[in-house]
Number of protein chains: 2
Amino acid sequence: MKYQFANNIPESDEDPVGNILKVAGDPKVISFAGGLPAPELFPVEDLKKVTNEVYDESGREALQYSIAAGYPKLREQIAKRMNRSGIKCDIDNIMITTGSQQSIDLTAKLFVNPGDTVIVEQPTYLCALDVFRSYGAHMVGVPMDDDGMKMDALEQAVKDNPNTKFIYTVPSFQNPTGRTMTADRRQKMIEIADKYNIMILEDDPYGAIRFAGKDVAPVKTFEHDERVIYMSTFSKILAPGLRIGWIVAEKALVKKFTLMKQTVDVHSDNLTQHIIAKYMAEYNIDDHIAKIRDVYRRREGLMMDAIKKYFPKDARYSHPEGGLFIWVEVPGVDTPSLFNTCIDHDVAFVPGEPFYADKVIPGTFRLNYSNMQDDKIVTGIERLGNAIKEAIDKKVEV
Amino acid sequence: MKYQFANNIPESDEDPVGNILKVAGDPKVISFAGGLPAPELFPVEDLKKVTNEVYDESGREALQYSIAAGYPKLREQIAKRMNRSGIKCDIDNIMITTGSQQSIDLTAKLFVNPGDTVIVEQPTYLCALDVFRSYGAHMVGVPMDDDGMKMDALEQAVKDNPNTKFIYTVPSFQNPTGRTMTADRRQKMIEIADKYNIMILEDDPYGAIRFAGKDVAPVKTFEHDERVIYMSTFSKILAPGLRIGWIVAEKALVKKFTLMKQTVDVHSDNLTQHIIAKYMAEYNIDDHIAKIRDVYRRREGLMMDAIKKYFPKDARYSHPEGGLFIWVEVPGVDTPSLFNTCIDHDVAFVPGEPFYADKVIPGTFRLNYSNMQDDKIVTGIERLGNAIKEAIDKKVEV
């Protein structure tokens, strides 16, 4: 039949990034397009062991309905971890979600009326943009440099948009740029949020995956009045297939989140919550994270060295100290046609366009190193360097 | 800080049913208030076995990100099951959700603009009402009798509300009434939906749990042009803690659902999807369902016999042939004060009020028999009968 969708539902059924991943999925293509953690690092045997214990010790409880806020023992483990990171909280500040994607969605649902402004980094996590769009938000991108969002531009954006509901930031090893906001800017962001009385949504899936440089405390540790909604996930530090993330916020707000959570999926998978709680009780997850850091450090290093060797001088790129991504800008090049040239060279990336809320910087793209074997990183970057040179030459010909 | 919530977010943080369940949770109270399946029937050992196989055979794949539509092998198993129930479909008609609650939420998100009408049974599943409310829907309740929604009243409601987006129905062993819509009425509902060009949302979590009478085919089997969105779940036939449900709809619409699903939680727990797919491949889930039916048949029978023995003549009640619930009406009694009298008698139910979209029928309440030991059913109903008599006497005194 002919459907009449709600106003905020996009008309197009196209999934541009999905299409790119399909093209990049050809086995002869070396694809830096995905954003997946390395599956060979998943602690399969450890998870299997604790899963058996969950079935034996509390199988019926784990398979039964539970509470919307999430399994208390898991929230206890998370609260401990959060306190170690400098975020003071107890379990009533924490709600479990079906991954960070749901944390973003619930926040938008709680706060955004159509036409409300959401301020984001430029570029930013594209699936957050999809969420904000689905609630009819007006999105305003704030330019970044290597130190994260520019604070003068942020203040201007807030002034220009008095109906701003919150600032959405991925402060550490951002997707897509790999950049990290400095401590000074985090403090400044809080000052601006205080001054104009707006909230901050701090999305921190990658913060624990630091393989170089010094830790920077979460934005939430700088706040004075609990205006930061902090969110993180087990997707990058354990396994994304489990779809378990969490929100840390003021207790009264967590109560509201919990009522909303109940309407969207009652609660997140209870068996999985029991498995992760057990895993965290029996293993030191930081030992596991250390292994992830080591592998990603090596892969990022290989990619960076190859970029320096094979990319033309015109190309600029970020220098991540953690996370999964490097961001590249080749000024003046048209990204979609560069993508096609790359496919001819059997290599792929995600073009920059969908990561921008408004103004697009052309010639930008994202590279992922977390999920690629060492030798292919070098070969792939060599191919990519050749494709970029070819694209630049073509441009000059025109 | 002081939050400015979106327009459709309820102001109150109260969770009236949550509060009732808390009061009813006192160990000396025999509570028929919950809506839980019997945990002693969960196939813990079988699930443990297939979970170990999933870890051994495809652990990394099950722990990695997957596709929004859901694990193809699980969708294949569901498609087979749906075809056996008379719903013709293949895997592209099916999307996996984080339980039926999410199926309802995604449907509302896709279709409902604030002010749009959603027609529901009166009474109906209260957490569906919470969803529709969260999108600003105007809800219209249609009266029922023992054969389900009254079709003349439905047609009138559709005529009166030209902005109706869909009819929400729980046609089999409805929550809260336990009633089942007859085949004639299902056909008539399709005729009305065709005539006025509106959609039907068929929520069928209980249909497989029939312990008496004859099967009635899903509403969707009567349709002419795929206007029915059918949804079901593993919550009542396997285990609700796993939070896995599904939608069956026209392929083009499933594509749209899938894009929305991606924005709300990327995909449902992949490990759990693998576990259920493996379970369905290795075991006949209908053998398991037969065990559930046997136990629920016995418990419903015990409750019905006790009702006949201990309830006053004034009390009316439904006669479910499946599912988890009996609906009671004691004309003229005030339910909240009856609830308090019951708590004094150490017995509990869920009062009817929150199940009504608009006009409330006083003196109604829901009883659950699926999750109660046999002896307690009889004792509890005896207490309840005494409490009702006391409430009626009080009423007469006033």
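A note on names: the letters A, B, ... follow the listed sequences, proteins ahead of strands, and every chain is numbered from 1.
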Quiz item: Hey, is CD on E11(B) packed in by over 12 heavy atoms from elsewhere, all under 6.0 Å?
Solution: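 It does not: E11(B) CD has 12 such atoms or fewer within range.
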Practice problem: Would you mind checking which part of H274(B) comes under 4.5 Å of any heavy atom in chain A, side chain (CB onward), backbone (N, CA, C, O), both or neither? | Solution: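 No part of H274(B) comes within 4.5 Å of chain A.
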Quiz item: Checking heavy atoms, do the side chain of K109(B), its backbone, both or neither come under 4.5 Å from chain A?
Solution: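 It is both, since atoms from each part get that close.
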Side chain from CB out, backbone as N, CA, C, O: work out which of these in [X] comes under 4.5 Å of a heavy atom of chain B, or both, or neither.
X	result
F42(A)	side chain
D56(A)	side chain
P10(A)	both
S268(A)	backbone
T51(A)	side chain
E223(A)	neither
K2(A)	neither
L242(A)	both
S12(A)	backbone
Q4(A)	both

Who wins among [options] for the most heavy-atom pairs under 4.5 Å with chain B?
options	result
L259(A), N8(A), D225(A)	L259(A)
D105(A), L63(A), T263(A), N270(A)	L63(A)
I275(A), L271(A), V264(A)	V264(A)
G245(A), A239(A), P240(A), A252(A)	P240(A)
Q273(A), Q262(A), K255(A)	Q262(A)

Quiz prompt | Top of L238(B), D116(B), I67(B), T272(B) for chain A proximity - count of heavy-atom pairs under 4.5 angstrom | solution =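 Of the candidates given, the most pairs with chain A belong to T272(B).
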Exercise. Name the option with the most non-hydrogen atom pairs under 4.5 Å to chain A; the candidates are L47(B), L41(B), V112(B).
Key: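 Of L47(B), L41(B), V112(B), L47(B) has the most heavy-atom pairs under 4.5 Å with chain A.
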Practice problem: Compute whether any side-chain donor of one residue and acceptor of the other, for K49(B) and Y55(A), lie under 3.5 angstrom apart. | Solution: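 K49(B) vs Y55(A): no donor-acceptor pair found between side chains.
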Self-check item: Lys NZ or Arg CZ of K256(B) over Y3(A) ring: under 6.0 Å, within 45°
Solution: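 The answer is no; the distance or angle limit is not met.
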Practice problem: Provide the closest heavy-atom pair for R243(B) versus V266(A) in the form atom of the first, atom of the second, distance. | Solution: NH2-CG2, 3.4 Å
Quiz item: Backbone N or O of N7(B) within a donor-acceptor pair of the N113(A) side chain at under 3.5 Å?
Solution: yes
